[in-house]
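Here the structure is a predicted model, which means the values were calculated and not measured. Convention: sequence-line order gives letters A, B, ...; per-chain numbering from 1.
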Number of protein chains: 2
Amino acid sequence: MAKPSKENTPITEHLAYLLAQANREINRQLELRLSKEGVPVEQWRILKVLSDGNGHSMGELADAVLLNHPTLTKMIDRMVSDTLVYRVQDPNDRRKVLMFISDRGKVLCKRLNSLAVDQEEHILESYGDKSTSELKRLLESLIDSSN
Amino acid sequence: MAKPSKENTPITEHLAYLLAQANREINRQLELRLSKEGVPVEQWRILKVLSDGNGHSMGELADAVLLNHPTLTKMIDRMVSDTLVYRVQDPNDRRKVLMFISDRGKVLCKRLNSLAVDQEEHILESYGDKSTSELKRLLESLIDSSN
DNA sequence: CTTCAATTCTTGAATATTCAATATTTTCAA
DNA sequence: TTGAAAATATTGAATATTCAAGAATTGAAG
């Protein structure tokens, strides 16, 4: 009796691959919608996180929007040029920079949110309410268990 | 009674975000393991797809390993330099190039497979058998429903 | 207090990715 | 058969990302 070796399982059965594939596809769709406003997905994430009106440090932001520090710095540079966000030195810890969303940023963020909601609804339609919420639940728990 | 507007839901509840986050985390873990052999995740995918011994065209490969054509071309260039794979012009359609895995590639691929299996098993332990297979099922069906 | 390690963010150089254009071959309609 | 359109892969320039190093500030131990 041969030892059941997992080493020949096709790549399409690896969780890592399925996640990458699903992410690529869903991200591509979202990208397409947001391109109506000429904004990359990461900028939408940044605006969305900042739209609570509070100041967020770069480190905090980088975690929240899934970007490395240097990448975030450079993206924020562009967004500052576009006056979507602005920097304020943290008075309590001057190593830190607090990011804030501007009024222009808020207006744009609203339009982006509605494009993103369109997509979520499109997914709900084709994929189903039940599957969607179950998938979300499982993803959250996977993320939890990975820390 | 206010219309229940989805537009203010935090980003952490969007499917697109959860997928990106889970993918980033799992991919980071896999990357870490494969770095023992100095190989990026994408090269493992390429080797794995080619390890059926058949020739695969660049277009086919690009789809399978989730890379754009030009990115794949350049990655293959590197792998050809490392003699992990080689190109053969498709005799039936000379626009196409067929990629094959070399013997060296096969040997490396085996070592990589075992690193990848380690990870899958680590996930199974911390996340659970049931959740894992259920998540895979849901991801497959999401991908299906997106075509 | 002083100094040294840790934290936070940015910068510049090295790499990698992407977009648009090109070259080649095939397909197919006239 | 010919010529135009489609398919396939690559290239080069423009962009973007990453890695390693640096600058500024804080924390904390002696």
Side-chain angles (χ1 to χ4, degrees), chain A residues 20-21 23-25 27-32 34-35 38-46 49-50 54-82 84-100, chain B residues 20-21 23-25 27-32 34-35 38-46 49-50 54-82 84-100:
Chain A
Q21 192 181 8
N23 178 51
R24 186 176 163 87
E25 180 57 29
N27 198 60
R28 200 189 55 74
Q29 289 174 16
L30 181 55
E31 210 165 46
L32 192 66
L34 298 188
S35 72
V39 175
V41 175
E42 290 80 9
Q43 289 197 16
W44 170 61
R45 290 199 200 124
I46 292 170
V49 169
L50 295 186
N54 299 325
H56 294 261
S57 76
M58 292 296 280
E60 203 186 322
L61 247 191
D63 281 352
V65 305
L66 315 176
L67 288 177
N68 299 339
H69 281 221
T71 307
L72 178 63
T73 292
K74 285 155 191 173
M75 183 160 287
I76 288 288
D77 286 346
R78 292 190 283 270
M79 295 175 76
V80 168
S81 300
D82 295 341
L84 296 171
V85 299
Y86 56 94
R87 290 178 162 98
V88 174
Q89 170 131 251
D90 185 338
N92 296 119
D93 183 342
R94 279 166 16 215
R95 289 170 301 183
K96 295 188 183 172
V97 171
L98 297 180
M99 297 305 312
F100 290 90
Chain B
Q21 192 181 8
N23 178 51
R24 186 177 163 90
E25 179 59 27
N27 199 59
R28 201 189 54 75
Q29 288 174 17
L30 181 56
E31 210 165 46
L32 193 66
L34 298 188
S35 72
V39 175
V41 175
E42 290 80 9
Q43 289 198 16
W44 170 62
R45 289 199 200 125
I46 292 170
V49 169
L50 296 185
N54 299 325
H56 293 261
S57 76
M58 292 295 281
E60 205 186 320
L61 245 191
D63 281 352
V65 305
L66 315 175
L67 288 177
N68 299 339
H69 281 219
T71 306
L72 178 64
T73 292
K74 285 155 190 172
M75 184 160 285
I76 289 286
D77 286 346
R78 292 190 283 270
M79 295 176 77
V80 168
S81 299
D82 296 342
L84 296 170
V85 300
Y86 57 93
R87 290 178 163 98
V88 175
Q89 170 130 250
D90 185 337
N92 295 120
D93 183 342
R94 285 175 3 226
R95 289 169 303 182
K96 294 187 183 173
V97 170
L98 297 181
M99 298 304 314
F100 290 90

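- Atom CG of L98(A) and atom OG of S57(A) lie 7.0 Å apart (nearest 0.5 Å).
- The line from CD of E60(A) to NZ of K96(A) is 7.5 Å long, rounded to the nearest 0.5 Å.
- Per the geometry, CG belonging to N27(A) stands 16 Å off P belonging to dT17(C), to the nearest Å.
- Contacts between residues 84-94 of chain A and DNA chain C, defined by a heavy-atom separation under 4.0 Å, are made by R87(A).
- A close approach under 4.0 Å does not occur between any side-chain nitrogen or oxygen of S57(B) and OP1 or OP2 of dT8(D).
- With M58(A) as reference, I76(A) is the one residue of I76(A), D63(A), L67(A) to meet the side-chain contact (heavy atoms from CB on, under 4.5 Å) rule.
- Scanning for side chain to side chain donor-acceptor pair (under 3.5 Å) contacts around R94(B) gives an empty result, with sequence neighbours left out.
- Listed by residue number, the members of residues 67-79 of chain B with any heavy atom below 4.0 angstrom from DNA chain C are N68(B), P70(B), T71(B), K74(B), R78(B).
- At whole-Å resolution of the value, NE2 in H56(A) and P in dC9(C) are 13 Å apart.
- Contact of the Q21(A) side chain with the R24(A) side chain is not registered, since no non-hydrogen atoms from C-beta on lie closer than 4.5 Å.
- Contact check for L50(A) versus H56(A): side-chain heavy atoms found under the 4.5 Å cut-off.
- Judged by distance alone, the side chain of R45(B) and the main-chain N or O of V65(B) form a donor-acceptor pair under 3.5 Å.
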Query raised in the report: Between E31(B) and R28(B), is a salt bridge (charged side-chain N to carboxylate O under 4.0 Å, His left out) present by the stated rule, with each step listed?
Result: CA-CA 5 Å; E31(B) 210 165 46; R28(B) 201 189 54 75; over 6 Å; no
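- For the atom pair L72(A) CG and I46(A) CD1, the distance stands at 5.0 Å (nearest 0.5 Å).
- Between L61(B) atom CG and dT10(D) atom P the separation is 11 Å, expressed in whole Å.
- Rounding to whole angstrom units, CG of residue L98(B) and C1' of dA9(D) are separated by 12 Å.
- Under the rule for a side-chain contact (heavy atoms from CB on, under 4.5 Å), the partners of P70(B) that lie at least two apart in sequence or sit in another chain are N68(B).
- For D82(B), there are no salt bridge (Lys or Arg N to Asp or Glu O under 4.0 Å) partners, not counting sequence neighbours.
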Dump every N/O contact between nucleotides 4-7 of chain D and the protein below 3.5 Å, one line per pair.
from: dA7(D); atom 1: O4'; to: R95(B); atom 2: NH1; distance (Å): 3.3

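- To the nearest angstrom, C1' of dT17(D) lies 13 Å from CD of E42(B).
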